[in-house]
Amino acid sequence: MDAHRLKKLEQTTRYDPSEVEARIFGEWMEAGYFHPPAEGTPDENFSVAIPPPNVTGALHMGHALNGSMQDALVRMNRMRGRNSLWILGTDHAGIATQSVVEKTLRAEGKDRHELGREEFVKRVWEWKEEYGSRIVEQYKRLGASCDYERERFTLDDGYVKAVYRVFKQLYDKGYIYRDNYMVNWDPGSHSAISDLEVENREVTDTLYSIDYPVEGTDRVLTVATVRPETMLADTAVAVNPDDERYGDLIGQFCVLPLVGRRLPIVADEHVDPEFGTGALKITPGHDPNDFEIGRKHGLEEIVAIGPDGRLTEEAGERFAGMTAAEAQEAVVAALRERGALSGEEPYVHSVPFSHRSGERIEPLISLQWFCRMDELAAPAIEAVESDRVKIAPGQWKRVYLEWMREIRPWCISRQLWWGHRIPVWYCDACEETYVAEDPAAAPERCGACGGELRQEEDVLDTWFSSAIWPFATLGWPEDTPELRAFYPTSFLTTAREILFLWVARMIMTGLEFAGDVPFHDVYVHSVVQARDGRRMSKSLGTGIDPLEEIDVHGADALRFGLLAMSSTQDVRYSDAKVQQGRDLANKLWNASRLILLNAKGADGPKAGHIDTISARRPEDRWILSRMERTIASVTAKLDAYDFAHAATEAYSFFWSELCDWYLEIVKPRLYEGEEEVSANLLWLLERTLALLHPIMPFVSEEVWSYHPSRRGHLAVHSFPAAEDSLFDPEAEAEVERGIELTRRLRAWRDMVEVPAKSELSARVEGEAPQEFVGRLSRFALDGDGGDPIAAVGPVRVLASADIDAAAVAARLQKRRGELRAEVARAEGKLANEKFVARAPAELVEGERAKLERYRAELEELAE
RNA sequence: GGGCGCUUAGCUCAGUUGGGAGAGCGCCAGCUCGACAAGCUGGAGGUCACUGGUUCGAGCCCAGUAGCGCCCACCA
């Protein structure tokens with residue numbers, strides 16, 4: 001070690017992540033560890049496709065948690081020697097990105113229509129070039145070992161090719177079709193959105209009752225609605241066929257107030273006779289249910305509200321041009337004036353809102369592209385039923401299957417400019433339609449009549465392109481080396497909110513196009529909530545910025561904290577866990593200083609080899625055994641996606657057993673320069689660093705740089721496999737007895753308020769405990785003479801000026817109380833004949849043995 | 001309306017197949033002992049939401065009740 005580094009190690013008593021992390025990340029990148037060759041088979045290799053963040057995105061806690069989990073597994077498998085690829089890239093995020101750029105345009109006083117489509121898309125690309133790599137840089141701060149040299153974007157040339165190919169094949173199969181159908185219209189983004197992008201919220205509306213006179217009679221049918229303005233597009237009134245009140249009216253007509261249109265009275269089972277008056281106004285143009293009923297009965301579909309949210313000519317001169325809200329007011333006023341309004345009451349119900357823009361959905365009939373899903377779903381259902389794709393935790397498997405079994409057509413067109421423009425061309429002259437399967441082979445003129453072609457204006461839903469992420473990123477549809485080496489990928493971690501939106505669709509497209517499932521394991525992780533239990537969200541101001549946490553505590557601390565707090569259920573963000581991670585990094589640094597600055601003669605050519613360690617003393621055998629058991633257990637937990645327990649178990653082995661006990665036990669040997677213990681400590685340190693590296697890559701790599709056994713970076717060091725030859729139950733039992741006795745002696749001292757410094761004199765009955773017991777509890781156990789004043793296990797404490805007799809008496813009194821309670825408990829249990837008869841024999845025996853011990857101790861302490 | 005999950009120490013959460021309730025943080029007391037005060041040692045603190053059942057024995061299994069949360073759903 002050169003003098004400068006030695007000095008740093010000697011003088012730095014606090015680990016400073018900010019000084020370390022960027023430098024180390026640079027070293028890894030420089031070495032190219034994260035850019036594996038496209039060799040080997042998917043079975044031998046390890047690969048993960050990152051859930052592609054939006055180009056507009058900034059790293060949030062969800063990314064940080066998900067990234068910490070993926071990186072832990074990728075790093076562990078890389079260290080195991082597997083050719084490991086973590087595919088990275090970003091999603092073009094149609095609506096989000098388009099609105100960001102539109103906002104900057106607005107700031108310049110322009111809108112996209114002024115620019116025109118081509119110019120606007122150019123602007124979005126410029127924006128993407130400038131800001132689109134922000135989130136990728138943020139993943140580096142986290143320490144994510146992604147392949148940054150293979151970064152992909154869903155609008156890359158190659159990726160677009162894959163999207164076209166998929167569209168064409170689905171079209172040719174007849175799955176993709178165009179239809180005039182009711183869709184969720186988002187007035188915010190001025191586009192249709194899919195069912196999955198809609199969220200229902202509870203709102204309080206006014207439920208209006210309106211009287212529709214029945215033609216040729218003096219009867220009225222009273223209907224109820226929360227959207228009176230839609231009455232302008234009513235084309236029928238429906239009643240339940242079994243409703244006796246209205247049986248005679250079926251087939252007759254109502255007259256629509258304000259408009260005068262004749263509305264047939266139809267019978268439909270969907271109508272609930274119990275609700276309201278049992279009569280339902282039917283507006284096929286503006287209500288999804290009514291749309292279904294309308295199609296069933298062949299009703300006219302009138303569109304009274306346009307895509308701009310304003311009333312159309314169909315609504316009549318009086319209302320045309322008004323916004324829906326204005327029209328509602330006007331319609332209510334007009335009805336009231338005519339006495340047709342027979343009721344108003346507050347009404348709480350759930351209504352659809354756009355997940356993207358937050359605006360209330362306007363159900364609208366429009367010409368859109370759809371993809372039929374049932375044929376694609378069938379094999380994807382089978383793959384999960386048969387566990388070819390395993391979804392954990394188990395309840396999500398059921399949720400997936402239930403949704404898939406009732407899957408509905410997917411509206412895939414969006415009225416945006418930013419995205420994959422649908423590869424369909426129309427010939428207006430002869431009504432021919434063309435679909436391109438390659439962007440390079442877009443048709444130019446109509447093959448039938450030679451006429452001009454016009455490309456579809458709409459783009460595809462962003463999720464259409466993310467659905468093919470795992471194979472499109474590897475070069476599909478070309479037969480690339482990457483595809484052969486890394487598909488199927490090994491596993492996927494995800495938040496449950498995109499289980500349907502993304503995961504299910506990847507399984508469907510993977511089976512359909514890439515010939516295999518996209519991954520074998522899906523792990524649905526918890527949602528990290530804000531500290532107060534609310535969801536983290538920008539708009540609520542409840543978000544916690546991972547980058548700020550990294551600035552303050554370091555990436556390792558955040559990674560450890562997130563993994564430790566993760567769970568199968570949702571968790572609140574815990575500052576304490578992140579602090580625990582920070583403390584762990586610091587402790588690791590300082591324990592390493594102790595070892596590295598004092599170890600002697602252990603850096604020969606065989607350094608770090610198992611043959612160099614010595615296990616003659618019980619405490620050495622104990623810690624070596626515990627180390628290997630911890631490796632076995634932590635590794636198994638990581639492989640089973642149990643990140644929280646893996647992290648906390650590694651923590652507690654290192655902190656409690658290695659630092660609190662073993663280091664304290666061996667300090668005298670270490671300071672004497674004993675080579676044996678030095679070799680053991682270096683071995684233990686090496687294995688601990690390697691074990692922790694997947695969870696805390698930076699601090700472990702930094703410490704490793706000082707380790708005499710180092711031949712290269714820890715990032716590519718071999719991951720420890722548990723050496724079961726070192727398991728040693730006898731040594732474990734022996735040392736644990738010593739530890740237990742030390743604890744009791746310390747507790748006794750504290751209880752009788754002996755000054756911390758004073759060494760007490762005592763002697764031992766029977767076999768002498770291990771050397772460390774007396775040293776760590778500050779007892780001289782070789783005392784002689786005098787009557788003992790107290791007993792702690794086999795130790796007889798001798799009188800001393802430092803011991804307060806009254807305190808000892810009080811302590812004795814307390815202990816006797818405890819013992820009597822224990823004796824009573826055990827006696828009670830053993831007096832229960834059924835317990836003795838039916839409980840397992842060893843349990844009963846154990847209870848008897850305990851009773852004996854308690855009685856014996858009580859006797860010893862008799863007054 | 002249907003489904004799923006949660007309720008354990010002051011706080012945030014663990015508790016594997018039913019056999020004397022754990023961690024981290026916080027709190028109290030004592031420690032500048034040659035790695036670390038982001039540290040060390042000791043300690044206090046729990047009717048495991050409630051009710052009933054099964055069992056020799058229940059935080060864990062069963063039934064129900066209450067509260068909280070999430071997902072799905074076409075009753076105006």
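Throughout, a chain's letter reflects where its sequence line sits, starting with A, and its residues are numbered from 1. Computed from a prediction, not measured in an experiment: that's the story for all the values here.
A straight line from CD1 of A:Ile407 to C1' of B:A73 spans 16 Å, rounded to a whole angstrom. Between the P atom of B:C11 and the CE atom of A:Met565 lies a distance of 18 Å, rounded to the nearest Å. In this entry the distance linking NE2 of A:His355 with C1' of B:C72 reads 15 Å, nearest Å. Separating the CD atom of A:Gln395 from the P atom of B:C72 is a distance of 15 Å, rounded to the nearest angstrom. A straight line from CD1 of A:Ile665 to C1' of B:C40 spans 15 Å, rounded to a whole angstrom. The OH-P distance, from A:Tyr208 to B:A76, rounds to 16 Å in whole Å.
Side-chain atoms of A:Arg398 stay outside donor-acceptor range of the base of B:G3, with no qualifying N/O pair under 3.5 Å. For A:Glu822 and B:G20, a side-chain-to-base donor-acceptor distance below 3.5 Å is present, hydrogens and geometry of angles not being considered. If you check distances only, the side chain of A:Arg778 does reach the base of B:C33 with a donor-acceptor pair under 3.5 Å. Under 3.5 Å, the side chain of A:His270 and the base of B:C74 form at least one donor-acceptor pair of N or O atoms. Within 3.5 Å, no donor on the side chain of A:Tyr400 pairs with an acceptor on the base of B:G3, nor the reverse.
Counting non-hydrogen atoms under 4.0 angstrom, A:Arg227 reaches nothing in the nucleic acid. Nucleic acid contact class of A:Tyr347 (heavy atoms, under 4.0 Å, all strands): sugar-phosphate only. Residue contacts shown for A:Glu274 are absent, as no nucleic acid heavy atom lies under 4.0 Å away. A:Val571 comes within contact range of the sugar-phosphate backbone alone, with a heavy-atom separation under 4.0 Å but no base atom that close. When heavy atoms are screened at a 4.0 angstrom cut-off, A:Asn586 is found touching base atoms of the nucleic acid. A:Ala591 comes within contact range of at least one nucleobase, with a heavy-atom separation under 4.0 Å. Heavy atoms of A:Lys757 sit under 4.0 angstrom from primed sugar atoms or phosphate atoms, though from no base atom. A:Thr225 comes within contact range of the sugar-phosphate backbone alone, with a heavy-atom separation under 4.0 Å but no base atom that close. A:Pro755 comes within 4.0 angstrom of nothing in the nucleic acid, heavy atoms only. Residue A:Asp660 is in sugar-phosphate contact alone, with no base atom involved, counting any heavy-atom pair closer than 4.0 Å across all strands shown. Within 4.0 Å (heavy atoms only), A:Phe654 reaches no atom of the nucleic acid at all.
Between A:Glu402 and A:Arg398, no side-chain nitrogen of the basic residue sits less than 4.0 Å from a carboxylate oxygen of the acidic one, so the salt-bridge criterion is not met.
The ring of A:Tyr400 has its center no closer than 6.0 angstrom to the ring center of A:Phe500.
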Would A:Val20 and A:Tyr15 count as a side-chain contact (heavy atoms from CB on, under 4.5 Å) here? Give the steps. CA-CA 9 Å; A:Val20 168; A:Tyr15 173 68; 3.7 Å; yes

Checking side-chain hydrogen bond (donor to acceptor under 3.5 Å, both in side chains) for the pair A:Ser526/A:Asp570: CA distance, chi angles, key distance, verdict? CA-CA 5 Å; A:Ser526 37; A:Asp570 292 352; 5.7 Å; no

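Nucleotide B:G19 forms a pair with B:C56, judged by Watson-Crick or G-U wobble geometry with both contacts under 3.5 Å. For B:C40, the paired base is B:G30 (Watson-Crick or G-U wobble, both distances below 3.5 Å). Shown here, B:G5 forms a base pair with B:C68; the pair counts as Watson-Crick or G-U wobble because both key distances fall under 3.5 Å.
Using cut-offs of 30° and 60° for the angle between ring planes, the A:Phe643 and A:Tyr523 rings count as perpendicular.
Put simply, A:Arg582 has no side-chain N or O that comes within less than 4.0 Å of OP1 or OP2 on B:A38. Applying the 4.0 Å criterion to OP1 and OP2 of B:U12, one finds that A:Gln529 has every side-chain N and O outside that range. Of the side-chain N and O atoms in A:Lys587, one or more sit less than 4.0 angstrom from OP1 or OP2 of B:C40. At B:C74, one or more side-chain N or O atoms of A:Arg408 fall inside 4.0 Å of OP1 or OP2 (strictly under the cut-off). In this structure, A:Tyr15 does not reach the B:A38 phosphate: none of its side-chain N or O atoms is under 4.0 Å from OP1 or OP2. Between A:Ser567 and B:A14 there is a side-chain N or O to OP1 or OP2 distance below 4.0 Å. Between A:Trp655 and the phosphate of B:C40, there is a side-chain N or O to OP1/OP2 separation shorter than 4.0 Å.
In this structure the side chain of A:Met565 reaches within 4.5 angstrom of the side chain of A:Ser574, judged on heavy atoms.
Judged by distance alone, the side chain of A:Arg227 and the main-chain N or O of A:Ala324 form no donor-acceptor pair under 3.5 Å.
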